Amino acid sequence: MLTIKSPGRVNLIGEHTDYTLGYVMPAAINLYIILEGRPSTVVRLQSSVLGQVAEFDLNNLTRSGDWGDYIKGIYYVLAKRGLRAGGIEGVVSGNLPAGAGLGSSASLELAMLYFLNQAYSLKLSRIEMALVAKEAENEFVGVPCGILDQFSVSMGMRGHAIFLDTETLKYEYVPIPSDAAVIVFFTGVKREVGRTGYVERRRVVEEGLRMLGVRSSKYLSSEDLAKLPAVHRRYLSYVVRENERVIKVRDLLKSGDVAAVGEVLVEAHEDLAVNYRVSCPELDFIVHEAVRLGAYGARLTGAGFGGSAVILASKSRAEAIAEEVLSEYVRKFPWSPKYFIVEASDGVSIAQ
Ligand code: GLA
């Protein structure tokens, strides 16, 4: 029997940049999917969270439109790469909420891959596992995500954020100052990453890059941007500013200036809301309230349109701020929000 512990992720800065091969800076977080399983000739997984069973034959990998597709997708990509893995019988549980914009799909994919890597000696590195999981999501499940979530879940390091260049996959661990608390605030509005807003943004910025003949948003100049039609220019200008903010936040974190990091997060949220247009009233409200109550800063995290916000606050004030935002929020919106004061965690591993 193997027990795998797979974290969620929060993105501190670098939103909607990964599919243009720009910069991101996420951290794995200490909310986990737990996979307990044993090798088998079939696949049979019971989700104690969803109360559902995913069961299928390894010779029949057809999409079923449910969470089993994330598992099938992994087998599909492994087979494409000529890697043979057997089955699993087991249980999926944990405290990472699904659909909250905290990387639960990537967490499930990496839990499964880590299990298969161990049980069937596939010899995949952590970065290879992140790439397999992303490909499974893109090509089998049909979600056009970037590498952000899978890389965070696979490569996380306790106490650190990951500064990642999504073009080269070069990365650097950046310590999160110990007096800073990271709050993840789930709006209660579930979002589907495959929804039209995400797909549409991605289509436009990819088209813009193609028009300019540039591979990554990192290489865009203001002269390039000026050549684009208005909507392409608007979205790609956001991406260029966001790439710059990732570098700025990396440097500010290194110098321990969390208050200045907070200001950049708020600026990023404004830009996401006004120019990239992926926010919603719930996320704007959380950011506004958190700042009013004395947080260093806050912004939406993940794809937006619902999901979660990330709030950066001093450790001594974090709980009071989160509680106050929560009580104001439920007065205004009919959803069931939830917050977590999280720690940056190691990537997927065997549970001790
Ligand atoms: C989702 C996707 C990521 C990334 C973010 C936006 O979380 O899965 O790849 O694009 O949205 O930054």
Side-chain angles (χ1 to χ4, degrees), residues 6-29 31 69-70 73 96-110 130-156 161-167 169 171 184 186-187 189-206 209 216-218 235-236 238-243 245-246 249 265 268-269 271-273 275-280 283 299-310:
S6 190
R9 68 97 187 90
V10 64
N11 193 18
L12 295 182
I13 189 82
E15 217 62 85
H16 288 275
T17 51
D18 63 351
Y19 49 85
T20 67
L21 305 182
Y23 300 115
V24 293
M25 204 162 71
I29 55 176
L31 296 171
D69 284 353
Y70 293 106
L96 176 65
L102 300 175
S104 58
S105 319
S107 180
L108 176 62
E109 290 155 6
L110 264 304
L131 290 168
V132 168
K134 173 182 179 285
E135 195 174 326
E137 195 141 350
N138 292 163
E139 291 185 15
F140 192 87
V141 185
V143 174
C145 61
I147 191 77
L148 170 71
D149 304 351
Q150 293 79 11
F151 199 94
S152 326
V153 172
S154 189
M155 296 290 290
I162 313 167
F163 172 80
L164 171 67
D165 177 332
T166 62
E167 185 195 19
L169 297 187
Y171 61 95
V184 165
F186 172 42
T187 56
V189 182
K190 297 216 172 180
R191 44 146 280 274
E192 274 283 310
V193 84
R195 60 193 284 169
T196 47
Y198 186 92
V199 175
E200 173 61 10
R201 299 301 179 286
R202 182 167 182 153
R203 188 188 64 71
V204 173
V205 294
E206 282 182 338
L209 288 175
S216 155
S217 57
K218 293 180 304 181
Y235 287 162
L236 276 172
Y238 156 79
V239 174
V240 169
R241 288 190 296 273
E242 183 74 349
N243 279 334
R245 283 189 287 259
V246 182
V249 166
L265 299 198
H269 182 80
D271 210 354
L272 279 162
N275 296 311
Y276 213 64
R277 299 183 185 166
V278 293
S279 188
C280 60
L283 288 165
R299 54 181 285 280
L300 68 84
T301 186
F305 308 103
S308 295
V310 56

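Bear in mind the structure is a predicted one, so any value in this text is a computation, not a measurement. We number each residue from 1, following the sequence as shown. Order of appearance sets the numbers: ligands from 1, and atoms from 1 within every ligand.
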Answer with yes or no whether K134 contacts ligand 1, where contact means a heavy atom under 4.0 Å from a ligand atom. no
Work out which heavy atom in D18 is nearest to a heavy atom in I147; give both atom names and the distance. OD2-N, 3.3 Å
Looking at G146 and R202, what are the two nearest heavy atoms and their distance? N-NH1, 4.1 Å
Ignoring hydrogens and angles, tell me if any N or O in the side chain of [X] forms a donor-acceptor pair with the backbone of [Y] under 3.5 Å.
X    : Y    : result
S308 : G101 : no
N138 : V143 : yes
T17  : Y23  : yes
K134 : F151 : no

List every atom of ligand 1 that sits less than 4.0 Å from any heavy atom of [X], numbering the atoms from 1 in the order shown and giving each element.
X    : answer
Y19  : 10 (O)
A303 : 11 (O)
D18  : 3 (C), 4 (C), 9 (O), 10 (O)
R9   : 7 (O)
D149 : 2 (C), 3 (C), 7 (O), 8 (O)
G302 : 6 (C), 11 (O)

Just distances here: any N/O of T17 and N/O of ligand 1 closer than 3.5 Å? no
Is there a nitrogen or oxygen of G146 sitting under 3.5 Å from a nitrogen or oxygen of ligand 1? yes
Non-neighbouring partners of R203 that pass salt bridge (Lys or Arg N to Asp or Glu O under 4.0 Å), sequence neighbours left out: E200, E207
